[in-house]
Amino acid sequence: MYVSITPKEREEMLAVIGVSSFDELVGQVPAKFLRPDIKFHQAHNEPELMARLEKLAADNKKLLCFAGGGAYDHFVPAAVRYLASKGEFVTAYTPYQAEASQGTLQAIYEYQSSICALLGMDVSNASVYDGATALVEAVGASMRLTGRKNVVVPQALHPHYLQALKTYYAADPDFKVTVVPCPNGLMNPAAYEAALKDAACAVLAVPNFYGCIENVHDLSAKAAKAGALVVAAVNPVSLGVLAAPGEYGADFAIAEGQPLGNPLHYGGPYLGIFACKKAHMRQIPGRICGITKDADGKRAFVLTLQAREQHIRREKAASNICSNEALCALTATIHLAMLGPEGLREAAELNVERAHVAAEKLAALPGFSLRFKQPFFNEFVLKCPGPAKKLRDAALQDAILAGIPLEGELSDCLLLCCTEQRTGKDIDLLCSVLRKHANVR
Amino acid sequence: MYKPEQCKYTKTHEWVFVEGGEAVVGISDHAQHEISDIVFVELPKPGAKVVQGKACAVVESVKAASDFFAPVSGEVTAGNDALVAEPSLANQSPHEKGWFFKLKVSNPAELSGLMDWNAYQEFLKTAPAH
Amino acid sequence: MSAENPLTPKQQLTIEKSAPGRRAARFDRAQKPASAYLPASCLRKSAPRLPELSEFDVVRHYSNLARLNFSLDTHFYPLGSCTMKYNPKCNEEAASMPGFASAHPQAPDSAVQGTLRFLYELESMLCALTGLDAFTLQPAAGAHGEFVGIMLARAYHLSRGDKGRTEIVVPDSAHGTNPASASMGGFSVVTVKSGADGRVHPEELRKYVGPKTAMVMLTIPNTAGLFEKDIEKISAIVHEAGALLYMDGANFNALIGLVRPADLGVDLMHLNLHKTFSTPHGGGGPGSGPVGVRKHLIPFLPSPRVALKDGKYSLEDAGPQSIGRVKSFAANTGVALKAFCYLLQHSAQSLREISESAIISANYLRVKLKAMFPSHFDTYCMHECVLSTVPEKLGGVKTMDVAKRLLDKGFYAPTVYFPLIVPEALMIEPTETESKAALDSFVQAMTEIYQEAQKDPELLKSAPHNLPVRRLDEVGAARTPNLRWN
């Protein structure tokens, strides 16, 4: 389909190689394995392809989105998509040849700088796969640094993050996760302090999966006192108004970077943000870009500290990561440049206000109330008069994605999110739809 | 200065200089030359126990990471903080400012298995280049 | 800062172009500040130091940065083992369709039937191409897929009560991710030396494989661009020892449509959608590293799985034996969509044209270049060839110098100094999408470089000369890291 060699050229090339047929060239492959009978469809040409895809895309329902839970529907300026889809960025490989990759490299440096500024941290890498794997890496680094294997997490940690942690360290018999209950939305203080004994790190989720904001300064100080490192798992957009991890002394700060200009796309590709204190720099997984000089003394950018990485350290490397999420990181960098400190604050404040307006209106509906009375950013848990899953399904008829139904003890609760994208009119619509379906069972 | 002529050597190009029960270790001039520009050194912490022949420190250049194998067993008493801050000292001054760490030797008998200066010079002539 | 900054605007950082009060994106003003809703202790004390720019500033800045890059769209990019093939533009357009791009990962199955369907169908296509029985699209990259494979092997052996399998066997020619992934999964790594012909020899492998072996990881074709011709014997040794045979599919472009890994005895493998299946590499990612398995490994696949029941697609939790989840949500769906488009455009016949043309092109370059840059394993190669620079014959010019000079001539450099088993290696993978004319001009450039090396080796040792920057001080960068603006 995209083969550039004509049949005539193919023959010429085989002649230059000195073989009479292609099969002679692949004599190293036992003949019985060659050209199996593969059942495959007929090739689509481009018009057929696009028609097929438009049909498939139409099978996804267009919904007014009040769901968050680790993926957020934010406004993305057109310039962000325009710039991040430039072929010179999109179709380049990892910048191994620095002299021919200064564009990608400078963008990575600007990414690292923007992330450090946003998180209040000293050092950032060039990205990992997503928020969950960023947490996995930060926890691994904490265990190496402290020699301890007990990890403290809130019950209200994103469930996918907890599951990924358990998968990654399943082979380590000493690895232990202590889950601190969050009966009122935040970690129970006594249980938290008890869990810190001999802990490698305390994971502070801010906001947590229920949207609630912990008293981070206090929790961080307590962890430090117990000799545990602090891993902050944050929402980058919330940092337009919320305290930066560096302000409360976090050792590692990780985040799901999707909300910084990347589309929802049903879960990926997203952006694993990973940053830490300078003292922990050697524990950073994956690629890092630094400033250097060229032979004329001119400033330039280059991948650096590479001897930490798998292509040099092989089985002794701390992480196996090679490909990262560079294009998503570029998108985030451009997004932050478009917003600037003022735009970021404006957007964050609008999230806070819209979510609080929505929470107040929804809680006033008969039979509904707020499940937790804690500070929140743009997500909150709404207690419903009946099973939340039924209510969410019913709202689909009105083209509304009414959040995420929670499970277990919270099966009568919806986790709702209101970003700056949801207007007052949208919120009123959500209220009327939930009221309409309130009695669904 | 831990005079090269007074040090003992391993086949992996570490040197050890012994005075009483204490030893100082580092990498040979040959090793620093092979590794070339050293950009990072990671040392064991004081109190750590190292075992002869086992990796206990790491030396990095831009393109490679090399293990440092303990030339003798013992307990680390001090690391060279100046080297950690300025890894190029191991290139400029492998036998003086670029020492790695000091240790209390636990089994002095191990020293007899190491090469002296002359034997190491002979060894370098026969050892394959990296 | 700008007054004393000697850099031209093109080379400045965004922060150096920043002017207080300049704005691009604007939002509605909230009626009340955050402090009206949140306690002061939650709030940020000082604003982050982000650039303050106009939209035009941002557009010009990143447009100019783009111009400093070599890329596939603009340059021949023969990076070995990376399969830098053309990235079709219809794939990009499809992936940006709002129906797909705005699908929320927490939406119920009924609202995302289109997405679930293409994920399901893509898995089926990958099964057809590899002969394996099931695929998971969850891994976000090749190394991530390897890690999944490692954890699958662990779960499989443990499920049989076989607790003594603590080792993973990897040849010395393997990508660094193989041993790194094995060690991350809690295994010790046993390295097998390749033979002088660049291949794994069954008699050598046999020494390392036994009751402690959980899995043998082979890259096929290997990083020397060679097919393991003894694959049947190798597979028998691995399976007789009760171990699993893993295939690193980074080089699957050599086999697509031509050879099915399952036929070779492979139990599980990963593919790189960002290599063989034409999704762009984005300057380092995102990728996608689906893992395929034979029947006996299906129960251990990561969660969630895409299922089809009564004409409805759904996302299901995997069963109790699953290794669990390795990232958030289902997959790098946007990447998978591009690979899906790519495969829709192919038939079984046209897939085979991919591998055949890739193999012909690599051999063509090998034959044209080997008099100047010897072919280390002087035999027919698959989709890539490994050549060497011989400094003794070229005035001391090394592979890195050749690579830098190629940049001057408008070609991205091949993979250099890899595989580790080849001295002064130049690993060249032209792919099927470069024309014969492009290959010939690459040969021309390499010939010029060879001649320059004879006449003026210094020209090469100080290359590049025609790029935005000259050769960089990597030592200085690593000794005194400057990793962000202050």
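Below, chains carry the letters A, B, ... as their sequence lines are ordered, and counting in each starts from 1.
- Contact annotation for A/L49: only side-chain heavy atoms (C-beta onward) come within less than 4.5 Å of a heavy atom of chain C.
- Interface remark: of the candidates C/E93, C/K85, C/M125, C/H175, C/M125 forms the most heavy-atom pairs closer than 4.5 Å to chain A.
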As a quick check of understanding, evaluate salt bridge (charged side-chain N to carboxylate O under 4.0 Å, His left out) for A/R10 and C/E353, giving each step before the final call. CA-CA 11 Å; A/R10 180 183 159 117; C/E353 282 169 26; over 6 Å; no
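- Only the side chain of A/I288 has a heavy atom closer than 4.5 Å to any heavy atom of chain C.
- Contacts with chain A were tallied for C/D28, C/L50, C/V367; C/L50 has the most, counting heavy-atom pairs under 4.5 Å.
- No side-chain donor-acceptor contact under 3.5 Å links C/K368 to the backbone of A/V16.
- Your options are A/R314, A/R345, A/Q310, and the one with the most heavy-atom pairs under 4.5 Å with chain C is A/R314.
- For A/L350, the parts sitting under 4.5 Å from any heavy atom of chain C are the backbone and the side chain alike.
- A donor-acceptor pair is defined here as one N or O able to donate and one able to accept, closer than 3.5 Å; no such pair exists between the side chain of C/D473 and the backbone of A/K293.
- With a 4.5 angstrom heavy-atom cutoff, A/K62 does not touch chain C via any of its atoms.
- Counting heavy atoms from C-beta outward, C/L483 and A/S124 have side chains that stay 4.5 Å or more apart.
- When the candidates C/T74, C/I359, C/T415 are compared by the number of heavy-atom contacts under 4.5 Å with chain A, C/I359 comes out ahead.
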Test log, rule side chain to side chain contact (heavy atoms under 4.5 Å, CB included), inputs A/L25 and C/E356: CA-CA 10 Å; A/L25 206 48; C/E356 291 191 4; over 6 Å; no
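- For the residue pair A/E110 and C/Y62, a side-chain donor N or O sits within less than 3.5 Å of a side-chain acceptor on the partner.
- A/Q28 and C/F227 make their closest contact through OE1-N, 3.1 Å (heavy atoms, listed as atom of the first residue, atom of the second, distance).
- For a residue to count as touching a neighbouring chain, one of its non-hydrogen atoms must lie under 4.5 Å from one of that chain's; by this rule A/I38 touches chain C with backbone and side chain alike.
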Could you go step by step and tell me if A/V26 and C/M382 meet the side chain to side chain contact (heavy atoms under 4.5 Å, CB included) rule? CA-CA 7 Å; A/V26 288; C/M382 297 292 281; 4.1 Å; yes
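- Comparing C/A143, C/A101, C/P280, C/S183 by how many heavy-atom pairs each has under 4.5 Å with chain A, the most go to C/A101.
- Between the side chain of C/D73 and the backbone N or O of A/T91 there is no donor-acceptor pair closer than 3.5 Å.
- A salt bridge between A/E99 and C/R470 is absent, with no side-chain N of the basic residue lying under 4.0 Å from a carboxylate O of the acidic one.
- The part of A/R52 that comes within reach of chain C is its side chain, from C-beta onward, which places non-hydrogen atoms under 4.5 angstrom from that chain.
- Nearest heavy-atom pair, C/F70 versus A/A92, reported as atom, atom and distance to 0.1 Å: O-CB, 3.6 Å.
- Without hydrogens or angle criteria, C/N482 side chain to A/I291 main chain gives no donor-acceptor distance under 3.5 Å.
- At distances below 3.5 Å, at least one donor-acceptor pair connects side-chain atoms of C/H104 with backbone N or O atoms of A/A71.
- Aromatic pair A/Y168/C/F147: ring centres closer than 6.0 Å.
- Between chain C and the options A/A307, A/A126, A/A170, A/A98, heavy-atom pairs under 4.5 Å are most frequent for A/A170.
- Comparing A/G131, A/A171, A/P30, A/P375 by heavy-atom pairs within less than 4.5 Å of chain C, the highest count is held by A/A171.
- Contacts between A/L239 and chain C at a heavy-atom distance below 4.5 Å involve backbone atoms as well as side-chain atoms.
- For A/Y2 and C/E432, the side-chain atoms include no donor-acceptor pair closer than 3.5 Å.
- One N or O on the side chain of C/R44 and one on the backbone of A/L118 form a donor-acceptor pair closer than 3.5 Å.
- Side-chain polar atoms of C/H281 and A/S323 form a donor-acceptor pair below 3.5 angstrom.
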Can C/F27 and A/E349 be said to form a side chain to side chain contact (heavy atoms under 4.5 Å, CB included), step by step? CA-CA 10 Å; C/F27 296 87; A/E349 291 201 323; over 6 Å; no
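- Between chain A and the residues C/E232, C/M151, C/E92, C/R26, the largest count of heavy-atom pairs under 4.5 Å involves C/E232.
- Using a 4.5 Å cut-off between heavy atoms, A/A100 touches chain C through backbone and side chain atoms alike.
- At a 4.5 Å heavy-atom cutoff, the contact between A/Y82 and chain C is made by side-chain atoms alone.
- Proximity to chain C is absent for every atom of A/R313, based on heavy atoms less than 4.5 angstrom apart.
- For chain C, no part of A/E309 is nearby; none of its heavy atoms comes within less than 4.5 Å.
- Contact count against chain C (heavy-atom pairs under 4.5 Å) is highest for A/D130 among A/I334, A/T304, A/D130, A/T133.
- Of the listed residues (C/V189, C/T379, C/V58), the greatest number of heavy-atom pairs within a distance under 4.5 Å of chain A belongs to C/V58.
- Heavy atoms of A/Q97 lying under 4.5 Å from chain C belong to its backbone as well as its side chain.
- Contact of A/E342 with chain C is made through backbone and side chain together, with heavy-atom distances under 4.5 Å.
- The aromatic rings of C/Y37 and A/H356 lie tilted to each other, with the angle between the two planes from 30° to 60°.
- Interface remark: A/F22 contributes side-chain atoms only to the contact with chain C (heavy atom separation under 4.5 Å).
- In this structure, the side chain of A/Y266 does not engage the main chain of C/V112 through any donor-acceptor pair within 3.5 Å.
- Under a 3.5 Å cut-off, the side chain of A/E325 and the backbone N or O of C/P286 do not form any donor-acceptor pair.
- The closest side-chain donor-acceptor pair between A/K61 and C/Q113, if any, does not fall under 3.5 angstrom.
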Stepwise side chain to side chain contact (heavy atoms under 4.5 Å, CB included) check, C/C90 with A/M50: CA-CA 8 Å; C/C90 53; A/M50 293 325 264; 4.1 Å; yes
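- Under the 3.5 Å distance criterion, the side-chain polar atoms of A/E315 are left unmatched by any main-chain donor or acceptor of C/P179.
- Within the 3.5 Å criterion, the main-chain N or O of A/S4 finds no donor-acceptor partner in the side chain of C/S435.
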